[in-house]
Amino acid sequence: MRKEVVVVAAVSTAATIAAVAALVRQRRRRKEQRWKQTQTILRKFARECATPVPRLWQVANALVSEMQASLASNETTTDLNMLLSYLASLPNGEEKGLYYGINLRATDFLILCARLGGKNEPISDLHREEISIPSDVMCGTSQELFDYIAGEFAKFVNAHPDNGNDTSAKEKKLGYTWSHSVEETLVTNINQALAKHDLNMRVYALVDDTIGSLAGGRFYNRDCVAAVTLGTGTNAAYVESSQAVPKWQGPSPKSGEIVISTEWGNFSSSSFPVTEFDASLDAESLNPGSMIFEKLVSGMYLGEIVRRVLLRMAKEADLFGDTVPPKLMMPYLLRPPDMATMHQDTSEDHELVREKLEEVFGITDSTPKAREAVVEVCDIVTERAARLAAAGIVGIIKKLGRIELKKSVVNVEGGLYEHYRIFRNYLHSSVWEMLGNELSDNVIVEPSHGGSGAGALFLAASQTQNPES
């Protein structure tokens, strides 16, 4: 009897072990299948996002064609607005004195002043103050907004007065930049608000931040011919010969140059490497069919593209377990700073990725392999964005005919470029790839001068000291 019990027990134990082993094998196969599906999605996405040099040149050439078509006529025949600014001049590096600027953003504005010392001298006496716009002012009229800004500006001027005697007796120009393009007719409203507060300053032109960045670049280097914003949104501005702008009306500027805001966020080309994730993002956006370049390049959308890819992996390959994390289904949760932190994580097993996944999406049990996949998705999206931005930069320089003959400096501002190291590296290397060893030294891409909003200062200086150049 004992022997029979032992035999039965042994058989039962063996069966249990076999069952456990089978279950382990089944789970292992299931994990392998999940990972294989994850890799399938990843490889397909990488192929569709690929930007080899020939494709980048197609994008650059398409941009050149769009720019030429837009400059030829005031009729809306292209995706590019190519807004002509009415600046009398850009800085020449000789400007001296204390100048003031205002940079108006979506919900706040920056007031700043600094002393320029002329060529080869650093900026001194720099003061900056950020002021939030009250909700009642935000909901009011434009004149009420400008009155509020002028009142705060008057306080700032009193706190940081111009005690010099070189320009204090005459009216100064105030540099005024916006985070987006605006109508020149608002200048009158702004000047009325300044006069109301007895400020001896006047705005002569309203321009966007990117033109302000170009002004700062031109102050330091005459070869600065373009500026690019790569942040939440994107835009590019450049200096064009007035003879190349058939739609310009009126006498040519004495400088022979016209500063143009390309509004390239709305640029579109059949050469863009658009995936199903980009298509769905566009279709569900507030402006479907518009701003395609911005949706591929700017910080506002990069994290959302990553989220959509990760959601597909979570649904089809159980990337984060048997259930899809609820917060992963919420649009626009992943911001560029968090994306950059995960992408640039070099810690063992990507511990920073684990922390960000938990913080942003509430994912508490990510595996090292899953975190590796997250980094790869971030890399694919970032590389594509940076390379397309590089193609845009090269396209502008080609439009100016400067690639082979002259050295050109391009100023770049915005958090995506300034704080996302891998994005910045991809952009620089892509310009080099497109131009090759022989020509790459002719195009220099560098950070903007003076920080966000500082372009307003340089505009104020150039419009005050060189009003008719």
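All residue numbers in this chain count up from 1 along the given sequence. Because only heavy atoms are used, hydrogens play no part in the values below, and waters and symmetry mates are left out as well, while side chains stay in.
Screening Ile305, Ile41, Leu328 for a side-chain contact (heavy atoms from CB on, under 4.5 Å) with Leu310, the sole residue that qualifies is Leu328.
Contacts of Ala456 classified as side-chain contact (heavy atoms from CB on, under 4.5 Å), with partners at least two apart in sequence or in another chain: Thr177. When the side chain to side chain donor-acceptor pair (under 3.5 Å) test is applied to Glu376, no partner is found at least two apart in sequence or on another chain. Scanning for side chain to side chain donor-acceptor pair (under 3.5 Å) contacts around Ser366 gives Arg371, with sequence neighbours left out. For Tyr238, there are no ring pair (Phe, Tyr, Trp, His ring centres under 6.0 Å) partners two or more places apart in sequence or in a different chain. With sequence neighbours excluded, the residues that form a ring pair (Phe, Tyr, Trp, His ring centres under 6.0 Å) with Tyr420 are His343. Partners of Tyr417 by ring pair (Phe, Tyr, Trp, His ring centres under 6.0 Å), not counting sequence neighbours, listed by chain and number: His428. Glu351 is linked by a side chain to side chain donor-acceptor pair (under 3.5 Å) to Arg354, counting only residues two or more places apart in sequence or in another chain. In this structure Ser280 satisfies the side chain to side chain donor-acceptor pair (under 3.5 Å) test together with Arg308, sequence neighbours excluded. Checked against ring pair (Phe, Tyr, Trp, His ring centres under 6.0 Å), Phe267 has the following partners two or more places apart in sequence or in another chain: Phe272, Phe293.
Applying the ring-ring contact (aromatic ring centres under 6.0 Å, His included) test to pairs two or more places apart or on separate chains, those with a residue in residues 39-64 are Phe45-Phe277. Pairs passing the ring-ring contact (aromatic ring centres under 6.0 Å, His included) check and including a residue from residues 363-384, sequence neighbours excluded, do not occur.
Closest approach of Ala373 and Thr38 over heavy atoms only: CB-CG2, 4.1 Å. Among all heavy-atom pairs drawn from Gly175 and Ala460, the shortest one is N-CB, 3.4 Å. Closest approach of Leu214 to Ala227, counting heavy atoms only: N-CB, 3.5 Å.
A side-chain donor-acceptor contact under 3.5 Å links Ser85 to the backbone of Val259. The closest donor-acceptor contact from the side chain of Gln143 to the backbone of Asn189 lies under 3.5 Å. Looking only at distances, no side-chain donor or acceptor of Asp108 sits under 3.5 Å from a matching main-chain atom of Ile133. Here the side chain of Asp208 pairs a donor or acceptor atom with the backbone of Ile211 at under 3.5 angstrom.
Aromatic ring orientation, Phe156 versus Phe153: parallel (interplanar angle below 30°, classes split at 30° and 60°).
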Give the intermediate values and the outcome of side-chain hydrogen bond (donor to acceptor under 3.5 Å, both in side chains) for residues Asn266 and Asn81.
-> CA-CA 8 Å; Asn266 202 39; Asn81 289 330; 5.7 Å; no
After noting the C-alpha distance and the side-chain angles of Glu418 and Arg424, does the key distance pass the salt bridge (Lys or Arg N to Asp or Glu O under 4.0 Å) rule?
-> CA-CA 7 Å; Glu418 294 168 3; Arg424 184 170 62 249; over 6 Å; no
Could you walk me through whether Arg402 and Ser408 pass the side-chain hydrogen bond (donor to acceptor under 3.5 Å, both in side chains) check?
-> CA-CA 7 Å; Arg402 297 176 64 101; Ser408 301; 2.7 Å; yes
Criterion side-chain hydrogen bond (donor to acceptor under 3.5 Å, both in side chains) on Thr229 and Glu413, from CA distance to verdict = CA-CA 5 Å; Thr229 297; Glu413 70 167 0; 3.2 Å; yes
Evaluate the side-chain hydrogen bond (donor to acceptor under 3.5 Å, both in side chains) criterion for residues Thr275 and Glu48: first the C-alpha distance (whole Å), next the side-chain angles of each, then the deciding distance (0.1 Å), finally the verdict.
-> CA-CA 6 Å; Thr275 71; Glu48 293 175 348; 4.8 Å; no
I'd like a table of donor-acceptor pairs (distance under 3.5 Å, sequence neighbours excluded) in which one partner is a side-chain atom from residues 330-337, with atom names and distances.
none

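With a 4.5 Å cut-off on side-chain heavy atoms, Gln37 and Leu319 do not count as touching.
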